[in-house]
Amino acid sequence: MSSETTPAFAFPAAGKGAALEEDTILSPRFDANGLITCVAVDAGTGEVLMLAHMNAQALALTIETGEAHYFSRSRGKLWKKGETSGHTQKVREMRIDCDQDAVVIKVEMGGTGAACHTGRRSCFYRTVPLGVTPSAEVRLAFTGDAPRFDPAAVYGKDGHGHDH
């Protein structure tokens, strides 16, 4: 199925309280922009790879195809992860949180194994110091997650594969 195909399925309206939290009906609560937050983690290690957003179409396509689809806020369109780069995400499990406004997907990465458009394994490749007073002098530290591919070679001269 093409990423541009609109699924004919509409998710049921979200319930409230126990109906939302304890029922077995998938009724995602999309935000005012029609999006739900998705965290992608490595199915084998649990490493957090990326955070992105899904609209109803992306969520439905992900469920239907077993391949991660997202909605790009910056480009305003649906995208299948790995469509340009080959760094696909095969979904092994999807979980939804208690109030159904966020999902976690456990994925197997394709291609070089890099999930980030910068070429790195994870989009979370810098640490924020704790126990300090936030100021302009506070500096992030790199984790050592080096790029696995050249973004300009994969995505073109701007090197942007998707939004974050």
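The analysis underlying the following values was restricted to heavy atoms, covering all of them including side chains, and did not include hydrogens, waters or symmetry mates.
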Original post:
Is there a donor-acceptor contact under 3.5 Å from the side chain of Arg139 to the main chain of Ala136?
Top reply: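 Between the backbone of Ala136 and the side chain of Arg139 there is a qualifying donor-acceptor contact (under 3.5 Å).
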Subject >> N/O donor-acceptor pair under 3.5 Å between Asn33 side chain and Leu35 backbone >> reply: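 No: the side chain of Asn33 does not pair with the backbone of Leu35.
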Original post:
After noting the C-alpha distance and the side-chain angles of Met94 and Thr62, does the key distance pass the side chain to side chain contact (heavy atoms under 4.5 Å, CB included) rule?
Top reply: CA-CA 9 Å; Met94 178 183 284; Thr62 300; 3.7 Å; yes
Identify the two heavy atoms, one from [X] and one from [Y], that lie closest to each other, and give their separation to 0.1 Å.
X      : Y      : answer
Ala115 : Met50  : O-SD, 3.9 Å
Arg120 : Pro147 : CG-N, 3.9 Å
Ala114 : Phe149 : CB-CE2, 3.6 Å
Pro151 : Gly119 : CG-N, 4.1 Å
Val132 : Pro129 : CG2-O, 3.9 Å
Ala13  : Ser27  : O-CB, 3.6 Å

So [Y] and [X], do their side chains get closer than 4.5 Å, heavy atoms only?
X      : Y      : result
Val104 : Val41  : yes
Val103 : Thr37  : no
Glu47  : Phe124 : no
Phe71  : Met54  : no
Asp31  : Ile36  : no
Lys81  : His69  : no
Leu49  : Arg121 : yes
Glu67  : Lys80  : yes

Original post:
Given the rule in the side chain to side chain contact (heavy atoms under 4.5 Å, CB included) test, do Leu61 and Leu78 qualify, once you have shown the distances and angles that lead to the verdict?
Top reply: CA-CA 10 Å; Leu61 283 169; Leu78 182 77; 3.5 Å; yes
[X] bridged to [Y] by N-O distance under 4.0 Å:
X      : Y      : answer
Arg29  : Asp99  : yes
Arg95  : Glu93  : yes
Glu108 : Arg92  : yes
Asp145 : Arg126 : no

Original post:
Linking I/L/V/M/F/W/Y whenever their side-chain heavy atoms sit closer than 4.5 Å, directly or via other members, would Leu59 and Leu20 fall into one cluster?
Top reply: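 Looking at the clustering, Leu20 is in a separate group from Leu59.
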Original post:
Do you reckon Ile25 sits in the same ILVMFWY cluster as Ile96, going by side-chain contacts under 4.5 Å, direct or chained?
Top reply: no
Inter-residue atom distance [X].[atom1] - [Y].[atom2], 0.5 Å rounding:
X     : Y     : atom1 : atom2 : result
Ser72 : His53 : OG    : NE2   : 11.0 Å
Lys90 : Thr65 : NZ    : OG1   : 8.5 Å
Cys38 : Leu51 : SG    : CG    : 7.5 Å

Subject >> side chain to side chain contact (heavy atoms under 4.5 Å, CB included) assessment of Phe30 paired with Asn55 >> reply: CA-CA 7 Å; Phe30 297 98; Asn55 62 3; 5.6 Å; no
Original post:
Apart from Phe142 itself, what residues make up its hydrophobic cluster when side-chain heavy atoms of I, L, V, M, F, W and Y under 4.5 Å apart count as a link, directly or indirectly?
Top reply: Tyr125
**OP:** Let me see the working for Asp42 and Val107 under side chain to side chain contact (heavy atoms under 4.5 Å, CB included), right down to the final yes or no.
**Re:** CA-CA 5 Å; Asp42 183 277; Val107 302; 5.9 Å; no
**OP:** Please state whether the rings of Trp79 and Tyr70 are parallel, tilted or perpendicular, taking 30° and 60° as the class boundaries.
**Re:** tilted
